[in-house]
Visitor: 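Structure in structure tokens, see below.
Residue numbers start at 1 and run along the sequence shown. Everything numeric here is computed off the predicted structure, so don't read it as measured data.
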Amino acid sequence: MTSKMSQDVHIANEDFAAVCCYIQNIQLLAWANQIGMTWHLEDFQDIHSLIELQQDERIAGILCLGYFTELPKKTFVNVESQIATW
């Protein structure tokens, strides 16, 4: 997935954040349908020409989706133990 770049840093950051939110929604939808997803955000300079990345685009992540052979076990967190009060 890519995000458009802008000369305005604020707009570029907001656009990138919006794409990241979109990716997270895809991940939540996939998990709801028992499809696993990993999201990789690294330096993908090697593939820019392969995917014909435009000058005004930035890679927001590579998504890998697939079915589980076995569903991961759910872990529960005791939220009360993580709450701090002053």
Side-chain angles (χ1 to χ4, degrees):
M1 303 213 85
T2 63
S3 172
K4 288 285 187 187
M5 297 292 289
S6 173
Q7 298 297 333
D8 183 318
V9 175
H10 180 75
I11 291 173
N13 288 338
E14 282 196 352
D15 288 347
F16 186 77
V19 172
C20 291
C21 289
Y22 179 70
I23 291 171
Q24 185 175 22
N25 285 331
I26 291 171
Q27 188 170 31
L28 292 170
L29 181 62
W31 274 92
N33 289 283
Q34 297 184 341
I35 300 171
M37 184 183 119
T38 57
W39 173 8
H40 300 276
L41 179 58
E42 302 167 19
D43 182 12
F44 293 108
Q45 294 293 328
D46 309 7
I47 65 170
H48 283 199
S49 60
L50 179 66
I51 63 171
E52 298 179 11
L53 191 70
Q54 303 299 313
Q55 292 291 336
D56 65 340
E57 292 179 314
R58 171 184 177 186
I59 294 177
I62 301 293
L63 312 181
C64 302
L65 290 106
Y67 290 99
F68 297 104
T69 53
E70 183 177 317
L71 285 174
K73 295 197 186 303
K74 293 182 180 181
T75 56
F76 294 95
V77 176
N78 181 0
V79 178
E80 290 178 6
S81 68
Q82 297 182 1
I83 297 174
T85 56
W86 290 271

Visitor: Is it true that a side-chain atom of E57 and a backbone atom of T2 form a donor plus acceptor pair closer than 3.5 Å?
Guide: no
Visitor: Rounded at 0.5 Å granularity, tell me how far NZ in K4 sits from CD in Q54.
Guide: 6.5 Å
Visitor: Report all side-chain donor-acceptor pairs from residues 6-18 shorter than 3.5 Å, counting only partners two or more places apart or in another chain.
Guide:
{"unit_1": "S6", "atom_1": "OG", "unit_2": "D8", "atom_2": "N", "d": "3.1"}
{"unit_1": "D8", "atom_1": "OD1", "unit_2": "H10", "atom_2": "N", "d": "2.8"}
{"unit_1": "D8", "atom_1": "OD1", "unit_2": "I11", "atom_2": "N", "d": "3.2"}
{"unit_1": "H10", "atom_1": "NE2", "unit_2": "E14", "atom_2": "OE2", "d": "2.9"}
{"unit_1": "N13", "atom_1": "ND2", "unit_2": "V9", "atom_2": "O", "d": "3.4"}

Visitor: Hey, what do you get for CG (N25) to SG (C20), rounding to the nearest 0.5 Å?
Guide: 11.5 Å
Visitor: Indicate if V19 and W39 have the same hydrophobic cluster label, given that clusters are the connected sets of ILVMFWY residues with side-chain heavy-atom separations under 4.5 angstrom.
Guide: yes
Visitor: Tell me which donor-acceptor pairs under 3.5 Å the side chains of residues 58-69 have, and how far apart each pair is, sequence neighbours excluded?
Guide:
none

Visitor: Tell me whether I35 is reachable from I26 by hopping between hydrophobic residues (I, L, V, M, F, W, Y) whose side-chain heavy atoms are closer than 4.5 Å.
Guide: yes
Visitor: I want to check something: taking the side chain as every heavy atom from C-beta on, are Q24 and Y22 in contact at a cut-off of under 4.5 Å?
Guide: no
